[in-house]
Amino acid sequence: MSPSSSTAPDPVGSAQPPGPLPLALAGPRRAPGRGAAKPPRHLADLPLAERRAVVAGLGQPPFRASQLSRHFFGRYTDQPEEMSDLPRAGRDELAQALLPRLLTAERELTCDAGTTRKTLWRTFDGALVESVLMRYPDRVTMCVSSQAGCGMACPFCATGQAGLTRNLSTAEIVAQVVAGARLLADGQVPGGDDPPKPARVSNVVFMGMGEPLANYASVVAAVRRMTDPVPEGMGISQRSVTVSTVGLVPAIDRLAAERLSVTLAVSLHAPDDELRDTLVPVNRRWKVAEVLDAAWDYAAATGRRVSIEYALIRDINDQAWRADALGALLAGRLAHVNLIPLNPTPGSKWTASRPSAQREFVRRLEAHGVPVTVRDTRGREIDGACGQLAASARS
Ligand code: SAH
């Protein structure tokens, strides 16, 4: 079927099986919860006090936990031979206990002259997840996965088509960011200043595979680990972290109560329940009005502007009247809209909006006084956008 031949979304469940499976979905799958082995414990799973207890349990001085943590969170290494401040005797034992290798790079793809870099990771149990590093002149954003697969079944999203394999552990999430930080520190990512200087990961977006708020405890712990200062964590600013959700209302409320200064992104994609019920099936449980109420409560609790994500899909959700409806919902709120040109997934009949429709959509939102950005499409050539891994152009 040609991409533009249909004007109605598929009811969920009847979405056509895609052609070749996206790379990230091709690995072995396992139903969640049924005897699934847990990833090995890693220091990034634990607060520093608990790392100290583990080290003490090995009969070593507890301050070694801080040394190990500085290596991992500050120097981005888990290799005992690079830890010359630790006595040779006991070094390997510490690394084995607290720094098991969690992710193995299966494939590495680059584009945008090397400034966009997508990594396909294999976990200890063979699950495959993706992360993307995007270097801009003034910042570096890491887009991370929070689950292998996803259970939310959004029909336009590649990850949504194959279901959930399992939640990632806190350390599996953090390790994606540490790996990016290491590449930067090693000078392996061009871009930025000329001549290139080593840079740090400045921003993290939970816009890779998975629904972060469906893996709540691990994601919140990962945010803390990324944002607590070294040696507790990596020292990234909370304000530079964005958690993107389909709109799990109780979890949004819970996140607001954490008093973290992270940005909330809500994947709205339609202003009306009728269409959103099909584009974001969880809308059948929490309606547009409830999701937005939770978002405004989040904005009030944190003072952070909420990002409303809206993938523009040709003739599906890009009509002028929907722009007006969206503008009316958001006018006067602490929100901005991030329009994402749809990145068609293999086998999908949907495609991105015509440029004229996109321009009109922007114009109408702006006429309601709603700030709008059109997200850049970095990494598209390497399937790095592949929808769920779309690059964020937020400022
Ligand atoms: N589950 C979370 C986070 C992962 S997806 C969420 O839904 O927010 C990150 C963003 O990419 C979401 O806004 C998602 O709706 C969007 N997205 C997914 N597939 C896409 C596609 N094919 N084209 C454009 N955006 C897509």
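Atoms within each ligand, like the ligands themselves, are counted from 1 in listed order.
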Check your understanding: Heavy-atom distance under 4.5 Å between the side chains of Ser146 and Leu168, does that happen here?
Key -> no
Any idea which part of [X] is under 4.0 Å from ligand 1, heavy-atom wise: side chain, backbone, both or neither?
X: Ile340; answer: side chain
X: Thr245; answer: backbone
X: His269; answer: side chain

**Study point:** Salt bridge present between Glu82 and Arg182 (N-O < 4.0 angstrom)
**Key:** yes
Check your understanding: Going by an N to O cut-off under 4.0 Å, is there a salt bridge joining Glu290 and Lys287?
Key -> no
Review point. Does a sphere of radius 6.0 Å around CD in Glu274 hold more than 12 heavy atoms from other residues, nucleotides or ligands, not counting ones at 6.0 Å or beyond?
Key: no
Point to revise | Atom CZ of Arg224: over 12 foreign heavy atoms under 6.0 Å | key: yes
Would you mind running through ligand 1 and noting each atom that sits below 4.0 Å from a heavy atom of [X]?
X: Phe206; value: 3 (C)
X: Cys157; value: 18 (C), 19 (N)
X: Gly208; value: 4 (C)

Exercise for review: With sequence neighbours left out, write down each residue that passes ring pair (Phe, Tyr, Trp, His ring centres under 6.0 Å) with Phe361, or none if nothing qualifies.
Suggested key: Tyr310
Review point. With respect to atom 3 (C) of ligand 1, which of Gly151, Ser146, Ser267, Gly210 exhibits the smallest heavy-atom separation?
Key: Gly210
Review point. N/O to N/O below 3.5 Å, does that happen between Pro344 and ligand 1?
Key: no
Practice item. Report yes or no: does a heavy atom of Glu211 sit under 4.0 Å from some atom of ligand 1? Key: yes
Point to revise | Phe156 and His269: CA distance, side-chain angles, deciding distance, ring pair (Phe, Tyr, Trp, His ring centres under 6.0 Å) verdict | key: CA-CA 11 Å; Phe156 58 89; His269 305 312; 4.9 Å; yes
